[in-house]
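Below is the structure I would like to discuss, written out as structure tokens.
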Amino acid sequence: MLYRFDNFVLDAENFELRLDGITQHVEPQVFDFLYFLLQHNGRVVTRDEIIEKVWHGRIVSDTTISSCVKSARKILGDDGELQKYIKTSRGRGFQFVGTINSDAKPDNQKPHADYQKVTSHINKSTVTYLVITGLVFIIGLLLYNQYTITGGGINDSTSQETILSGAPYTIAVMPFVDLSADGTQEYFGDGISEEVLNVLTAVNGLEVTSRTTAFSLKGQNLSVPEISERLNVNYIVEGSIRSSGDRIRITAQLIDANSDSHLWSENYDRELVDIFAIQDDISQQIADSLKVELIGNSLGREAPTTNMEAYALYLQGHQLFLNRGTDDIAKNIENLENAIDLLEQSVSLDPIFAEAWADLATSNIILPSYFDEDYSFEKVAPRATEAANRAISLDPNLSQAWAVKGFIHLNRFQFQDAQSSILRATELNPNNETAWLWLGLHFAAVGNQDKAMEAVEKAIKISPSVAINHSASGIISHARGEIEKAVGKMDKAIIEMGFDAGRPDRALVAVWNNNIDRAREEMLGFFKSYNQTSGTELANKLEIYAKAYSDPALHDQVNILLKKDIANGFDTTFGLFMLQDGAKIVHNYETTTANKGFNLARIYYPLARPLFKQNIFKNFIIKIGLLTYWQNNEFPYFCKAIGESDFECET
């Protein structure tokens, strides 16, 4: 049947849209959408009707529908403002409002065969199957696109590196939307997205946006072009999940952001119980669809667990752990406490679940970072060490477990072991942003600021939206004496990204710049964020602290104030550095409940360098093994060896 309107002809029998007799390129789903509107000319068709007819009942997001409508309008020379042919009925659906040739009569012809749902049992785990299947289609599509561009054949003996060389393949995997009736499966959707992302990172030539960066846009309801611009990617993977009883439906789709068009979409209906039947079949499909060597070992990896209850607990704990830095101090601690509880339940159900052990180790070891006296490093380190060792014994190639071991070594001043472990973590997973950050902070702690900056810049490249990465870069710039750069980076983290934990370091820069008011305001903001104290009394105390750096007459008063702060459990970093008292600084490093290794980075600040002239501080440096590390590696740029057992530093 032919549908004529203005200079267009839609040929339903030959699936063509012609303009002035010239066939236009129209994607199948866009053609089906136009055909469906023309069949119901003059009537508003609902989104549900469109989904049923065009996507055959599969779950698709509003973004997908909007993208299809936009493509249809673009082909017809229409747009959302003009609405010459396709009119939006807000909240209801869409209507074709053009004038159609009167001989055209609607029919019930289906432009394509009905979609057949896949309803099979799965071997090993639902998630592993979904990751593998999603990966096959996604990478297959990308490789197919390159194949059509270059004119090559799918059976060419071309390596992955050759196929992808020079191709601007940048991709973001967005969090899968939870469409479950009770809205409680968000963690599962996030987990599916993260698993797909993790496997895609194994593909050479494919730049995958980090989970943290992609998920920073979660809930913002952005269009595909907006996501593409924000994340600087040209491919986007998005999807949704819907669960009911013991079944789950997952929809995934790959979008070319440059043309805002769909390259591939698929729907999976699966059972969540007794699902152990078709792993071999899946593997065969992969072998038939793609050469295994194109994607390395990621396709053949074992499921992390065969216990789905343990996996669900792990996913919930994992999401709480990842959300630890998104709220105030009390909420961050609560998230970690709940994560630890869920992860402990997970490993109790499956004691050989390596990823759960690694997350359990990480959740424990970062608790002291939140200045909570209930969680000292010495209290959590044994639990974290045990969990990290269990994870590594189960999977020696688990990057995050090695990063935790390095973190623990650093906070015990075992500098060489810390460096080896964290480097191992970055080698095992070059996209482990946390490992790169921790490596940078390790080098900052031992005074190698050049290597520190190199590592932190890699963390920023992987996750530019993570505030602590920019704060760490500011700390390193400050230690290098690049004060203006340090201010810009710290202000970005604090003001633009809300990283209140970076305020004490910004206050120390302000003191060095003799900006007492700014130093006081930064520390007020810090204490307010951490709910430690507030008010005029605090402001006056902080002003005394800041002035004491250049006025020794205030030191006695500062000592009295510090004694009260210590008794009340307040953070004393700022006041201690204002005193420049080596004995007190050493005592703080030896007794603090916080993660002390990373705090060593502050001793290289210009305002702290006079400490190196004090024997008690020099002896501390020797005692904790820093001098030995420097002798075996590299001295800070302002220090040098004196004989075989001494050193001196410029102030």
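Positions are given from 1 along the sequence.
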Take V233 and I171, measure what side-chain contact (heavy atoms from CB on, under 4.5 Å) needs, and give me the verdict at the end.
CA-CA 5 Å; V233 296; I171 190 167; 5.7 Å; no

Side chains of M578 and V558: does their closest heavy-atom pair fall under 4.5 Å?
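No, side chains not in contact.
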
Do K541's NZ or CZ and the ring of Y545 fall within the cation-pi criteria of under 6.0 Å and 45°?
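No.
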
Are any of the side-chain nitrogens in E344 or R383 under 4.0 Å away from the carboxylate oxygens of its partner?
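Salt bridge flag = no for R383 with E344.
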
Would you compute the distance between atom CG of L394 and atom CZ of R390 and round it to the nearest 0.5 angstrom?
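Interatomic distance, L394 CG to R390 CZ, rounded to 0.5 Å: 6.5 Å.
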
Hey, is the main chain of L607 close enough, under 3.5 Å, to the side chain of Q580 for a donor-acceptor pair?
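Judged by distance alone, yes, a pair lies under 3.5 Å.
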
Mind checking whether K492 and M497 have side chains closer than 4.5 Å, heavy atoms only?
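Side-chain contact under 4.5 Å: yes.
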
Between the side chains of D450 and Y637, does any donor sit under 3.5 Å from an acceptor?
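On atom types as modelled, these side chains do not qualify, holding no pair under 3.5 Å.
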
Please examine the side chains of L441 and L410, heavy atoms only from C-beta on, and report whether any two atoms are closer than 4.5 Å.
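Not touching, per the 4.5 Å side-chain cut-off.
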
Got more than 12 heavy atoms from elsewhere within 6.0 Å of CD, E650?
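No, because the 6.0 Å sphere around CD of E650 holds 12 heavy atoms or fewer from other groups.
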
Do N588 and K596 have a side chain donor and acceptor closer than 3.5 Å?
no

When you compare the side chain of L524 with that of K528, does any pair of heavy atoms fall below 4.5 Å?
no

Given the rule in the side-chain contact (heavy atoms from CB on, under 4.5 Å) test, do L600 and F413 qualify, once you have shown the distances and angles that lead to the verdict?
CA-CA 10 Å; L600 277 176; F413 300 139; 3.6 Å; yes

Got a sec: does the CG of N232 have more than 12 other heavy atoms crowding it under 6.0 Å?
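Result for CG/N232: open.
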
Using salt bridge (Lys or Arg N to Asp or Glu O under 4.0 Å), reason through K623 and E590 one step at a time and then give a plain yes or no.
CA-CA 11 Å; K623 176 184 175 182; E590 290 178 335; 3.2 Å; yes

State which residues pass side chain to side chain contact (heavy atoms under 4.5 Å, CB included) with A546; sequence neighbours excluded, sorted by chain then number.
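With neighbours one apart ignored, the set is V511, I516, A519, F574.
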
Would you confirm whether the ring centroid of F647 sits within less than 6.0 angstrom of the ring centroid of F635?
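F635 vs F647: aromatic centres not under 6.0 Å.
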
Go through the steps to decide whether S477 and M453 satisfy the test side-chain contact (heavy atoms from CB on, under 4.5 Å), and finish with yes or no.
CA-CA 8 Å; S477 291; M453 186 64 77; 3.4 Å; yes

Evaluate whether atom CD of E484 has more than 12 neighbouring non-hydrogen atoms of other residues, nucleotides or ligands under 6.0 angstrom away.
no

Counting only heavy atoms not in Q631, do more than 12 fall under 6.0 Å of its CD?
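Yes, enclosed.
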
Heavy atoms from other residues, nucleotides or ligands near NZ of K547 exceed 12 (cutoff 6.0 Å)
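Check fails, neighbour count at 12 or below.
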
Run the numbers on N633 and Q416 for side-chain hydrogen bond (donor to acceptor under 3.5 Å, both in side chains), then give the verdict.
CA-CA 9 Å; N633 295 274; Q416 202 66 57; 2.9 Å; yes

Interatomic spacing from CE in M490 to OG in S473 - rounded to 0.5 Å
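Separation between the atoms: 9.0 Å.
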
Angle between ring planes, W438 versus F598, binned at 30° and 60°: parallel, tilted or perpendicular?
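Geometry flag for F598 against W438: tilted rings.
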
How long is the span from the OG1 atom in T434 to the CG atom in N469, to the nearest 0.5 Å?
8.0 Å

Check: P464 and T213 side chains under 4.5 Å, non-hydrogen atoms:
yes

Nearest 0.5 angstrom please: F407 CZ to Q400 CD, how far?
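CD of Q400 is found 10.5 Å from CZ of F407.
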
Using the ring of each side chain (for Trp, its six-membered ring), is Y314 parallel, tilted or perpendicular to H318, with breaks at 30° and 60°?
parallel

Run the side-chain contact (heavy atoms from CB on, under 4.5 Å) test on I475 and V456 for me, step by step, so that the C-alpha distance in whole Å, both residues' side-chain angles and the decisive distance to 0.1 Å come before the verdict.
CA-CA 11 Å; I475 287 171; V456 169; over 6 Å; no

Hey, are the side chains of T385 and R412 touching, using non-hydrogen atoms and a 4.5 Å cut-off?
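They are in side-chain contact.
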
Look up atom CD1 in I236 and atom OG in S223, then write down how far apart they are to the nearest 0.5 Å.
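Reported value, rounded in 0.5 Å steps: 8.5 Å.
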
Please determine if D491 and R518 form a salt bridge, counting it only when a charged side-chain N lies under 4.0 Å from a carboxylate O.
yes

Side-chain (T591) to main-chain (H587) donor-acceptor, under 3.5 angstrom
yes

Has the side chain of Y604 got a donor or acceptor atom that lies under 3.5 Å from a matching backbone atom of R480?
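No, because the side chain of Y604 does not come within donor-acceptor range (under 3.5 Å) of the backbone of R480.
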
Less than 4.5 Å apart, any side-chain heavy atom of V487 and any of H478?
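No, their side chains stay 4.5 Å or more apart.
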
Any side-chain heavy-atom pair from N599 and T592 closer than 4.5 angstrom?
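A side-chain contact is absent here, since even the closest heavy-atom pair is not under 4.5 Å.
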
Between T209 (side chain only) and A214 (backbone N and O only), is there a donor and an acceptor less than 3.5 Å apart?
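Not at all, since once roles are kept as given, no pair shorter than 3.5 Å links the two residues.
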
Kindly compute the distance separating CH2 (W402) from CZ (R424), expressed to the nearest 0.5 Å.
6.0 Å

Between F577 and Y549, ring centroids under 6.0 Å:
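Distance test on ring centres: not under 6.0 Å, no.
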
Taking the basic N atoms (NZ, or NE/NH1/NH2) and the acidic carboxylate oxygens, is any pair closer than 4.0 Å for E186 and K218?
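Counted as a salt bridge, because a side-chain N and a carboxylate O are separated by less than 4.0 Å.
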
